[in-house]
**Student:** 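I'd like to ask you about the structure that follows.
Order of the sequence lines fixes the chain letters, A, B, ..., with proteins taken first and strands second; residue numbering starts at 1 for each chain.
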There are 2 protein chains.
Amino acid sequence: MPSISGKTIGRLCVYRRQLQRLRDEGKSNVYSHQLAALTGGSAAQVRRDLMAIGYRGTPYHGYRIDELSGSIASFLDDPDGQEVALVGLGNLGRAILAYFDGWRPHLTITAAFDVDPGKVDRVIHGCKCYAIAKLESITRRRKIAVGVICVPAREAQTVAEKLAGGGVKAIVNFAPRRLHLPDDIYVEDIDVTTALEKAAFFALEHKRQPDSKAK
Amino acid sequence: MPSISGKTIGRLCVYRRQLQRLRDEGKSNVYSHQLAALTGGSAAQVRRDLMAIGYRGTPYHGYRIDELSGSIASFLDDPDGQEVALVGLGNLGRAILAYFDGWRPHLTITAAFDVDPGKVDRVIHGCKCYAIAKLESITRRRKIAVGVICVPAREAQTVAEKLAGGGVKAIVNFAPRRLHLPDDIYVEDIDVTTALEKAAFFALEHKRQPDSKAK
DNA sequence: ATCTGTGAACTCGTTCACAGCT
DNA sequence: AGCTGTGAACGAGTTCACAGAT
């Protein structure tokens with residue numbers, strides 16, 4: 001296990017989701033090229049990624065879906081389960097909460113935080129909401145290691161520091177700001193605005209030169 | 001302009017946002033290393049990216065913020081403005097709608113679509129909602145080239161095909177499914193689930209080996 | 001015949017390092 | 001002195017292509 005790349009981790013998550021789907025369809029084994037088609041990669045890529053976690057398929061029969069799922073799970077998941085803290089219950093924060101409500105048991109948003117006194121102490125989409133002042137103490141006491149930031153850009157840095165102060169080790173950041181944190185803390189940025197602007201740019205390219213078959 | 005990479009496009013969007021912020025603070029020029037610190041890249045990277053769009057700074061004084069903003073804008077934006085169609089008005093779709101309501105004039109979500117008759121023909125977060133049956137005809141008539149997919153995974157492929165059928169050239173896809181489309185259509189995936197699982201994995205790594213200063 | 005595992009080649013993106021400008 | 005512009009070196013990640021397995 002010579003330190004696997006973040007890109008591979010991301011793809012493993014995607015593979016796993018597709019595997020569960022295949023299993024629901026009653027399939028029991030799968031070839032690398034099938035998994036590739038399902039996830040938008042190449043067959044060689046899939047094989048390399050699976051090699052990285054040490055799971056070996058069998059020639060001619062490919063990979064056993066249940067075994068592979070299990071291998072990925074034991075590689076990615078904490079057997080004790082993991083709790084997640086979400087900060088910022090605006091439209092986006094509540095949508096995320098609803099999205100993950102009743103999610104897999106091993107990864108659950110179990111604490112939400114907001115400044116709005118109208119939200120504090122209520123239960124929203126199955127998740128108890130606390131005052132932001134309690135962020136550090138609660139994450140620390142419950143050993144929460146994963147945080148999600150859904151606050152406005154202005155407050156993102158402050159919140160990030162509080163999360164770090166509470167012992168959180170990885171953050172999903174929806175705010176359009178680069179977070180400045182100790183570099184042993186992992187940050188995954190989700191920048192919706194940039195995604196939309198990028199898409200708009202490529203649509204515009206199309207209009208500018210109506211030829212071209214390139215992607 | 002030998003076809004600029006998608007990564008550079010993404011960073012240009014980020015630079016622009018930071019430039020606007022600097023301008024609001026009354027600054028008039030900026031150095032590559034400052035922009036780098038603000039956006040989490042390296043100074044050399046910033047210079048390369050700006051080189052790509054042909055804007056040239058001046059040694060010792062760096063880049064003029066207003067000029068550079070203008071250069072990026074004329075590179076990225078359609079002077080006629082661009083309309084965006086959003087499909088799927090669940091929690092996430094509505095949150096996105098709210099998020100972009102009153103956004104920059106040149107890039108606006110002007111049509112939303114859902115199957116739910118209770119939402120059709122209403123105005124939600126400043127955006128008129130139509131039945132999905134009208135998706136193709138409306139996008140085609142209004143020459144909408146950018147779409148956002150916020151429907152459940154099961155329906156994502158069908159919706160994507162309808163968007164493509166209506167002449168949409170670029171799609172932001174929030175559904176956890178790989179879309180299968182003609183490859184002249186640009187797809188930007190935003191996979192919230194994978195992002196959270198990735199973060200959880202890196203938090204877990206931390207717990208597994210409490211040493212290590214690597215990012 | 002058709003798959004996997006993997007060294008080797010390659011591609012793309014990033015960083016280095018330095019010439020040139022002010 | 002302190003910046004930008006850029007050829008050149010570098011590196012991570014991806015694909016090629018084929019040996020080995022069934």
**Student:** Are A:E136 and A:K162 within salt-bridge range, i.e. N to O under 4.0 Å?
**Tutor:** no

**Student:** Does a side-chain N-to-carboxylate-O contact under 4.0 Å join B:D80 and B:K143?
**Tutor:** no

**Student:** For DNA chain D, which residues of residues 28-50 of chain A approach it to below 4.0 angstrom with any heavy atom?
**Tutor:** A:S42, A:Q45, A:R47, A:R48

**Student:** In chain order, what residues pass the side-chain hydrogen bond (donor to acceptor under 3.5 Å, both in side chains) check against A:D191, with sequence neighbours excluded?
**Tutor:** A:T194, B:R17

**Student:** Between side-chain atoms of residues 61-70 of chain A and protein atoms elsewhere (two or more places apart, or another chain), which donor-acceptor pairs fall under 3.5 Å?
**Tutor:**
unit_1, atom_1, unit_2, atom_2, d
A:E67, OE1, A:Y55, OH, 2.9
A:S69, OG, A:I65, O, 3.2

**Student:** Of all residues at least two apart in sequence or in a different chain, which pass the side-chain hydrogen bond (donor to acceptor under 3.5 Å, both in side chains) check with B:T58?
**Tutor:** none

**Student:** Are A:Q45 and A:R48 linked by a side-chain donor-acceptor pair shorter than 3.5 Å?
**Tutor:** no

**Student:** Please report, rounded to the nearest Å, how far the P atom of D:dA8 is from the CE atom of B:M51.
**Tutor:** 13 Å

**Student:** Among residues 53-73 of chain B, which residues get a heavy atom nearer than 4.0 Å to DNA chain C?
**Tutor:** B:P59

**Student:** Please list, chain by chain and in numerical order, all residues satisfying ring-ring contact (aromatic ring centres under 6.0 Å, His included) with B:F201, sequence neighbours excluded.
**Tutor:** A:F75

**Student:** For a quick check of understanding: with a heavy-atom distance under 4.0 Å over all strands, which category does B:S5 fall into, base, sugar-phosphate or nothing?
**Tutor:** sugar-phosphate

**Student:** Please collect all ring-ring contact (aromatic ring centres under 6.0 Å, His included) contacts where either partner lies in residues 10-42 of chain A, sequence neighbours excluded, each pair once.
**Tutor:** A:Y31-A:H33

**Student:** Students should find this one: the first and last nucleotides of DNA chain C, 5' to 3', lying under 4.0 Å from a heavy atom of chain A. What are they?
**Tutor:** C:dT2 to C:dA8

**Student:** Run the ring-ring contact (aromatic ring centres under 6.0 Å, His included) test against A:Y99 and tell me which residues pass, sequence neighbours left out.
**Tutor:** none

**Student:** Please round to the nearest 0.5 Å and tell me the distance separating atom CG of B:L50 and atom CZ of B:R11.
**Tutor:** 10.5 Å

**Student:** Going by the rule ring-ring contact (aromatic ring centres under 6.0 Å, His included), which residues pair with A:F174 if we only count those two or more places apart in sequence or in a different chain?
**Tutor:** none

**Student:** Compute the angle between the rotation axes at the two ends of the helix from C:dA1-D:dT22 to C:dT22-D:dA1, each taken over five pairs, rounded to 10 degrees.
**Tutor:** 10°

**Student:** Please list, chain by chain and in numerical order, all residues satisfying side-chain hydrogen bond (donor to acceptor under 3.5 Å, both in side chains) with A:R177, sequence neighbours excluded.
**Tutor:** none

**Student:** Are a donor atom and an acceptor atom from the side chains of B:R23 and B:Q18 found within less than 3.5 Å of each other?
**Tutor:** no

